Structure formats: C-alpha cells, structure tokens
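Bear in mind that the values here come from a model prediction, so they are computed numbers and not experimental data.
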Amino acid sequence: MAVMERVHRATTRQRWAGLIIAALAWWALYSANLPFWNWLLGDVAGLDLDTRLGSGVHFFLYDTVKILLLLTGIIFIVTVLRSFMSVERTRAILGGKREGVGNVAAAALGVVTPFCSCSAVPAFIGFVAAGVPVGVTLSFLIASPLVNEVAIALLLGLFGWGPTLLYIGAGLTIAIVAGFILGRMRPERWIEPFVFETTLGGQAVDPGYALTWNDRIQMGLEEVRDILRKIWPYLLVGIGIGAAIHGWAPEQWFAEHAGPENLFAVPLAVLLGVPLYSNAAGVLPMVEALSDKGLPMGTLLAFMMATVALSLPEMILLRRVLKPRLIAMFIGVVTVGIITVGYLFNAVIPA
Amino acid sequence: MHIKILGPGCANCTNLERIAREAATELGLDATFEKVTDYGAIAGYGVMRTPGLVVDEKLLVSGRVPTASAVKELLAPLA
C-alpha cells in the first residue's frame with residue numbers, strides 16, 4: 001500500500017508533520033460531526049429530528065461517524081503505545097511470578113500487551129511450556145479480550161470516565177479471580193499433554209525490540225485498517241439495531257421487563273450474551289440506545305462483557321489445548337463472575 | 001533458501017506468504033516455501049503471535065505482516 005511505503009520512508013520532520021496534520025484533521029471532523037448532521041438532515045433534508053424516523057436516521061449516521069472516528073484515533077494511539085510491549089516480554093515478566101501476584105500481573109499485562117485471541121493457542125503453549133502457571137495464563141487470556149482498546153475507546157466516547165473505569169476495574173477483577181480459582185483446581189490434569197512436551201526451540205524474536213518510530217506508526221495504521229475491516233459489519237448492524245431501539249422501542253416495556261426491579265435481568269442478559277458472538281464495536285451502540293431507554297448500567301455492561309469475553313470461535317480454538325472439562329469450567333467461572341459484577345454495578349450506580 | 005510460513009491458516013498467514021513469495025521472486029532468490037500449521041511446531045520456534053516468517057530455521061518476523069519492502073530488506077542480505 002502506497003501510504004505504508006511512504007510512512008516506511010518518512011524523515012523525522014515528515015513524520016511529525018504528518019502526525020500533527022492527522023491529529024488536527026481528526027479533531028476537526030469530530031467537532032463537525034454533530035452540527036453537520038443536524039444541518040444536513042434538519043435544514044437541508046427537512047426531517048423533523050424529534051420524530052421516530054428523524055431521530056433514528058440521525059442516530060445511525062451521527063453514531064456511525066462518531067464511532068469510526070473514536071475507533072480510528074484510539075486504536076492508533078493504543079497500538080503505538082503497545083508496540084513498546086510484547087507477548088515475549090509479558091511471558092518473561094510472568095515467568096518468575098507465583099499464583100496470586102501472578103494472576104494480578106497477568107490480568108494487567110493482558111490489557112497492555114498487543115494480542116489478538118486468534119493467537120490464543122500459540123500463546124497458551126508458549127506460556128505454559130515456559131513454566132507460567134496455568135491459572136496465571138488463563139488470567140491473561142481472560143483479561144485480554146475483556147478489557148480491550150475497542151471497548152475502552154467506545155465506553156469512554158459514549159459514556160464518559162465513570163462507567164469506563166468501572167468496566168476496566170470489573171474486567172480485571174474477573175480475570176484475576178477466575179484465573180486464581182481455576183488455578184486452584186489443578187487444571188494441569190485437563191490440558192492436552194502435547195503442551196507440556198513442546199520444547200521451545202530457537203531464539204525468541206522480541207517484536208518490540210529495535211522498532212523505529214516509523215515502524216510503530218505503520219503498525220498503528222495497519223491495526224486501524226485491520227480492525228475496521230474486521231468489525232465494520234458488526235458495527236453497522238449494531239448501530240442499526242441501536243437506531244431502531246432509539247427510534248421505536250417502547251421505553252415503558254424496557255422499564256417494566258428489564259429495569260432495576262427485575263432481579264433476573266442480569267443473569268438473563270448474560271445468558272443471552274454468552275452465545276452471541278460479537279465484539280465491543282457491535283454491542284456498544286445497542287448498549288448506548290438501551291441505556292437511553294433507562295436500562296441499568298450493570299445489566300448492560302454484564303451483557304457486553306458476556307458477549308466479548310466468551311465466544312464460540314475462541315472456545316473451539318482453545319479446545320486444541322484444553323480438555324472439554326476445563327473449557328466448561330472456564331466458561332462457568334467467567335459467567336458467574338460477570339453476573340456478580342452486573343449485580344454489583346446495579347447496586348452501585350443508580351439507573 | 002528454505003522459507004517457512006508459520007500460522008494456522010489465517011488471513012494474515014496467507015498475506016505473509018504472498019508477500020514473501022513476491023519478495024523472493026523480485027530478488028531472484030532460489031527459495032522453497034513450506035507452510036507450518038501445527039501449533040506445537042509453531043510454538044517450537046518461540047512464536048506466540050502468528051503469523052511467523054522463518055528463513056533457514058531462523059525466525060525473522062512474528063506477530064505481524066510486514067510490508068513488501070520490509071520483507072525484501074530482510075531477505076536481501078540472506079541471498
């Protein structure tokens with residue numbers, strides 16, 4: 001791609017000038033988003049933005065642009081920062097840790113390490129074969145998709161600091177506690193034996209080593225491109241459903257059936273979310289619309305966590321290294337953790 | 001020169017293989033290609049993020065698909 005080649009060859013001055021121009025362009029677009037749609041739909045197209053159709057269409061267009069901008073900006077920044085970290089470094093840090101402290105470190109590192117759950121299997125083998133305890137490894141694998149940059153970017157943009165920090169805290173706690181509990185159950189019994197027989201040959205290449213700023217910026221751009229390419233269908237469907245909820249769903253119905261008084265709302269939301277495979281970008285627009293309808297934050301965050309933390313494709317991948325018994329316990333422990341967090345949030349944040 | 005592409009068959013592995021093949025052709029290298037999809041073997045090279053690029057048993061890249069020119073820069077001195 002031509003852009004990548006130019007970044008690859010950029011001089012120091014070209015690089016920083018490019019970054020500053022990109023940042024200003026981003027900021028201009030983000031500020032112009034709301035007035036632009038108000039003007040285009042309200043003044044030019046003559047839609048009444050207070051009607052169902054008007055507010056639905058407005059929500060869809062405005063939210064699509066806003067979420068795309070937020071994703072682009074935050075994925076880029078996070079990827080550049082994360083390029084200073086690597087799975088290899090994380091493993092080296094975790095190698096000497098005992099359970100307990102190790103679970104805490106693994107969950108925190110799961111957030112800052114560049115990692116995609118498509119690499120869950122080689123990472124699992126790499127960690128366990130290098131002597132990292134299984135429970136600690138699982139803490140890492142739970143935290144990594146649960147507290148990811150896409151979720152943080154969107155929560156921050158749509159709900160502000162409060163819910164974002166609560167979400168991060170809750171996600172870390174679930175990863176730490178679930179990994180610790182699973183580690184106590186002697187999970188080594190339920191791991192495919194070949195994992196322990198793997199010898200780690202070769203000199204591990206640390207991808208975070210000896211990167212230039214041009215490399216890091218290029219990785220940031222690649223990551224934005226790859227993630228947007230992967231999630232745009234989820235995003236459009238999510239925003240579409242969100243717009244429909246926004247314009248048409250009866251507030252009364254939600255308040256009666258899924259409001260704070262319904263004690264079963266949290267487990268129901270979680271059980272609904274576990275088999276649903278989506279990512280934060282697909283779920284958050286719905287969460288935003290439902291939150292506007294008065295659904296409590298705890299129920300909504302629990303739904304979102306269940307969707308992103310436990311996915312069928314990842315479980316099928318992990319089956320290569322984990323026996324069904326451990327996969328079942330993994331799902332069970334994480335599910336219970338998410339339900340608990342949902343109740344706690346509902347008790348703490350008034351709807 | 002023996003080039004191995006490590007990865008379970010994901011989109012990134014296919015991209016990496018294509019880029020490496022193009023680079024080898026452009027540099028006029030006499031290279032054989034092999035796909036390594038077995039997880040044990042992949043982990044054996046110390047790879048924890050796929051895809052990985054191994055040339056003559058030495059791991060050169062892991063965890064990302066480098067640009068075509070970066071691959072050429074890596075392969076050129078090994079010819």
If you count every heavy atom of other residues, nucleotides or ligands that lies below 6.0 Å from A:R15 atom CZ, does the total exceed 12? yes

Please check if atom NZ in A:K323 has more than 12 non-hydrogen atoms from other residues, nucleotides or ligands closer than 6.0 Å. yes

Verdict with reasoning, B:R49 to A:S86, per side chain to side chain contact (heavy atoms under 4.5 Å, CB included): CA-CA 9 Å; B:R49 291 180 78 203; A:S86 68; over 6 Å; no

Just to verify, which of A:L317, A:V321, A:V195 counts as forming a side chain to side chain contact (heavy atoms under 4.5 Å, CB included) with B:Y39? A:L317

Return the minimal non-hydrogen interatomic distance between A:Q218 and B:T67, and the atom names on each side. NE2-CG2, 2.6 Å

B:A43 to A:I125 - nearest heavy-atom pair and separation: CB-CG2, 3.5 Å

Chain B heavy atoms under 4.5 Å from A:E223: which part of the residue, side chain, backbone, both or neither? neither

Side chain, backbone, both or neither: which part of A:F127 has a heavy atom under 4.5 Å from chain B? both

Above 12 or not: heavy atoms from other molecules or residues under 6.0 Å from CZ of A:R189? yes

Looking at chain B, which one of A:G126, A:P114, A:A129 has the largest number of heavy-atom pairs inside 4.5 Å, strictly under? A:P114

So do the side chains of B:S62 and A:E88 get within less than 4.5 Å of each other, counting heavy atoms only? yes

Atom OG1 of A:T79 and atom CZ of B:R64: how far apart are they, to the nearest 0.5 Å? 11.0 Å

Closest non-hydrogen atom pair, A:S119 against B:T50: OG-N, 3.2 Å

Side chain from CB out, backbone as N, CA, C, O: work out which of these in B:V54 comes under 4.5 Å of a heavy atom of chain A, or both, or neither. neither

